[in-house]
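The first residue in the sequence is number 1, and the count goes up from there. Atoms within each ligand, like the ligands themselves, are counted from 1 in listed order.
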Amino acid sequence: MSTLRFHAVKASINRKPLKIKIDKRRSEIFGSNVFNEAAMRQYLTKTALNSVLEAIEKGTKIDRLVADHISTGMKEWAISKGATHYTHWFQPLTGATAEKHDAFFETIGNGLAIEKFGGDQLVQQEPDASSFPNGGIRNTFEARGYTAWDPTSPAFIYDDTLCIPTVFVSYTGEALDYKTPLLRALQAVDTAAVAVCKYFDKNVKKVSASLGWEQEYFLIDSTLAASRPDILLTGRTVFGHHPAKGQQLDDHYFGTIPARALAYMRDLEHHCMLLGIPAKTRHNEVAPNQFELAPIYEEANLAVDHNTLLMDIMQKIAKRHNFTVLMHEKPFAGVNGSGKHNNWSLSTNTGVNLLSPGKTPMSNLQFLTFFINTIKAVQTHEELLRAAIASASNDHRLGANEAPPAIISVFIGEQLTKVLKELETVTKGKLSPKEKTDLKLNVVGKIPEVILDNTDRNRTSSFAFTGNKFEFRAVGSTANCANPMTILNTIVAKQLMDFKIEVDELIDKKNMKKDDAIFNVLREYIKTSKAILFEGNGYSEAWEKEAKKRGLSNNKTTPEALKVKMDKTTLKLFNDLGVMNKVECEARYEIEMEDYILHIQIESRVVGDIARNHVVPTAVRYQNILIENVTGLKAIYGDRFKDLAKEQMALIEEISQHIEAINSLVTKMTEERKVYNKQVNIEKKADGYCNKVKPLFEEIRYHCDKLEIMIDDELWPLTKYRELLFTK
Ligand code: ADP
Ligand code: MG
């Protein structure tokens, strides 16, 4: 009998939900472990406080002397909350977060010690980070990198440690993390959007990008998860026959949350509150044991930090509930995968959401300007946007059930499609007063009413407008949102800059009125962005054909998708907008390709190991039982055994065929790996892993999954899908 599997199943069945006692209201504890403005007011001098607030609002530098005051205040606050250590918390390109804890403690001679935390330690640190991926940057330029405080994201306490959000850069200034380019992209979109806002409102001084992510995940009993080597090592199941019941009944979606999962969520949300993560929504997702957590949206940089922090604490809190969180985009074949919808919008310091239709025709023209420019940006850079969400794990999800395809398209809903159609017929050149009035009253003026129409019917478009925001749905559940957010904000910034130039030109050279010029430019944008608009749902062959005709990219694999990052136009785009220079772009490309190869390599080894060490030996054992049975029948019944053992003998043969196929396929896969491991060209290596190694996974899986349904359940060593998915 397969002891580990049955032990795991037994342990999981007997589990009770943890009792989570929370006696305070959320509003009372919200942000109490965050060094936010309220805490700063209490612990900082006026000069120090103003200096931080100014740095947050205007990006000004903090003076060294003032930094000493800030660090002292921050330390006092942290110690009052029980913290003993501090760390520079940053997001290296591995996808995880990194931290190295130092104690506040310092000796001062004569056997005495004090708690110390100076401005130096707050502002800058030099982690021994030689093992973080850097795509060659630090080898070529400087041996070391340093972390520097990002005051726009507040410090917080987790466990006993004061965590200071930082950027991670090389000594020559190249970004080695996710945050640095994001901050630069947010700056770029701020500048570009403010310039465009001036057409409508001279008071606009700052535009911030907002992000509301929706984190999907699976919760699997930790003992069950630990019984599967593939889950342990790759975060997904590489084998497993689909269960008799899957998600066909749709009985999980928005259903009652199982008691153990609910206890976990309550615990998790409690920690979110302490850390100032505004968790708002929780519900079951479509697949069994799949859930979602969504916060109230925030300024994009903060939202990114909160999501990475959340992913980290999700795992930590899961431990005491005996759960393993599967963040992978496709943990189970044939079952819905997990995404992380990125809801995105732009808003001004005057409190206007630029992607929300307003009350007057003028504010609606502003809305249309930002709405159409976003569509145009996606149209121009669709391939880059696809690259923004490329990863080995997301490849499994894109194009599968209930997931967006690898083709980027924009969904805007029926009503706004109509509005664009009408705007397309606007006269070229100056508009007559009648036309303008008519437009303002009957087209632009009517938008607030039409928008009430629910635009969220389409769940699988890769980029959808949902009333007052765009929702980038192709983002994978394991992704660091900084990457897609950097790219999205960069392309929108670029588009808004181009728009401003074109409108100004019409005003200056053609002597047009501002409104006329805007209408004229928007009309042309609508005409040239049509290819990206698609109202259909998810993946279909027909859409694939149609998209090809329209000239849209359809890069199904990560190595294919990433190539555009090295295009001259891409390098120029990032460089011109000050988001990333060529060296930084190249480094990231290399890291992402490397990461892809490593993932496929690990999966391939896991596939080979499980097939050879678990599946084949089990098949042989079962076959021996059958052989024994046949021999016995022959001994008792003589020649009649041929009739009596017909089924058994057929099974014996079939098992042999599967074993043979598995062995030769695993050998072939290992040989392919050997070939590409020698390859020094990273693109050729990634292509090899993608097109020669990875396709064998499915072939090997086919035979292993067949054996799973043939072999005595008692012998099967791998915890089955039904046990993983339906244990609550
Ligand atoms: P769903 O997409 O599941 O129907 P919602 O659309 O209500 O749910 O919200 C999903 C996420 O979008 C939430 O995180 C929410 O805070 C965020 N969101 C709502 N409005 C905006 C906005 N203007 N900009 C960015 N995110 C937003
Ligand atoms: Mg949504």
Side-chain angles (χ1 to χ4, degrees), residues 26 30 182 185-186 189-190 193 197 206-217 252-255 257 265 268-269 272-273 276-287 290-311 314 336 338-358 363 366-367 370-371 374 402-404 410-413 416 447-448 451-475 477 479 481-482 484-485 488-489 492 537-538:
R26 292 190 172 202
F30 185 72
L182 173 67
L186 293 172
V189 84
D190 175 9
C197 282
K206 188 175 166 69
V207 170
S208 320
S210 308
L211 166 64
W213 38 262
E214 300 166 55
Q215 180 73 51
E216 292 182 339
Y217 60 97
H252 186 68
Y253 193 47
F254 282 152
I257 300 172
M265 287 175 180
L268 176 63
E269 286 166 13
C272 284
M273 289 303 116
I277 304 173
K280 169 101 175 147
T281 314
R282 61 175 172 215
H283 61 79
N284 288 353
E285 260 303 326
V286 182
Q290 190 189 24
F291 306 95
E292 178 185 302
L293 183 149
I296 296 169
Y297 67 95
E298 301 174 281
E299 186 280 319
N301 176 40
L302 188 58
V304 166
D305 280 1
H306 279 164
N307 180 248
T308 37
L309 182 56
L310 174 91
M311 291 204 284
M314 275 174 87
N336 264 25
S338 298
K340 178 150 51 197
H341 297 178
N342 276 202
N343 295 270
W344 170 89
S345 65
L346 293 171
S347 57
T348 67
N349 62 310
T350 53
V352 174
N353 173 357
L354 295 167
L355 288 167
S356 181
S363 57
Q366 175 171 284
F367 157 71
F370 282 90
F371 176 68
T374 305
E402 283 277 332
V410 182
F411 173 93
I412 59 171
L416 281 165
I447 295 173
I451 218 80
L452 291 176
D453 134 75
N454 188 350
T455 38
D456 201 17
R457 301 256 182 268
N458 186 320
R459 293 178 47 85
T460 51
S461 169
S462 40
F463 200 85
F465 184 71
T466 49
N468 61 358
K469 62 190 190 285
F470 278 98
E471 190 166 337
F472 191 11
R473 292 177 175 148
V475 183
S477 47
C481 304
M485 279 296 115
L488 178 59
N489 287 294
V492 171
N537 226 317

* Counting N and O atoms only, with roles assigned by atom type, does the side chain of Asn342 sit under 3.5 Å from a partner on the main chain of Lys340, one being a donor and the other an acceptor? -> yes
* To do: Please report the C-alpha distance between Asn336 and Glu285 in whole Å, then the side-chain angles of each, then the deciding distance to 0.1 Å, and finally whether the side-chain hydrogen bond (donor to acceptor under 3.5 Å, both in side chains) criterion is met.
  => CA-CA 9 Å; Asn336 264 25; Glu285 260 303 326; 5.4 Å; no
* Asn343 and Tyr297, any side-chain heavy atoms less than 4.5 Å apart -> no
* Which part of Asn343 is near ligand 1, with near meaning a heavy atom under 4.0 Å away: side chain, backbone, both or neither? -> both
* **Contacting atoms of ligand 1, where contact means under 4.0 angstrom from a heavy atom of Ile296** => 16 (O)
* Asked: If you count the atoms of ligand 1 from 1 in the order shown, which ones are under 4.0 Å from a heavy atom of Asn353?
  -> 23 (N)
* Considering only heavy atoms, does Thr281 approach ligand 1 within less than 4.0 Å through its side chain, its backbone, both, or neither? -> neither
* Any nitrogen or oxygen of Lys469, main chain or side chain, under 3.5 Å from a nitrogen or oxygen of ligand 1? -> yes
* Asked: Looking at Arg282 and Glu269, does any basic side-chain N land under 4.0 Å from a carboxylate oxygen?
  -> yes
* Look at the rings of Phe470 and Phe371 and say which category their plane angle falls in: under 30° parallel, 30 to 60° tilted, over 60° perpendicular. => parallel
* Asked: What's the verdict on side-chain hydrogen bond (donor to acceptor under 3.5 Å, both in side chains) for Gln290 and Ser338, showing C-alpha distance, side-chain angles and the deciding distance?
  -> CA-CA 8 Å; Gln290 190 189 24; Ser338 298; 3.1 Å; yes
* Which is it for Glu214 and ligand 1 at heavy atoms under 4.0 Å: side chain, backbone, both or neither? -> side chain
* For Thr466, is the nearest heavy atom under 4.0 Å from an atom of ligand 1? -> no
* For atom 13 (C) of ligand 1, which candidate among Ala294, Ala209, Pro295, Ser210 provides the closest heavy atom? -> Pro295
* To do: May I ask you to identify, for Glu471, whether its side chain, its backbone, both or neither come under 4.0 Å of ligand 1 on a heavy-atom basis?
  => side chain
* Asked: Which pair of non-hydrogen atoms, one from Ile412 and one from Val410, has the smallest distance, and what is that distance?
  -> CG2-CG1, 3.8 Å
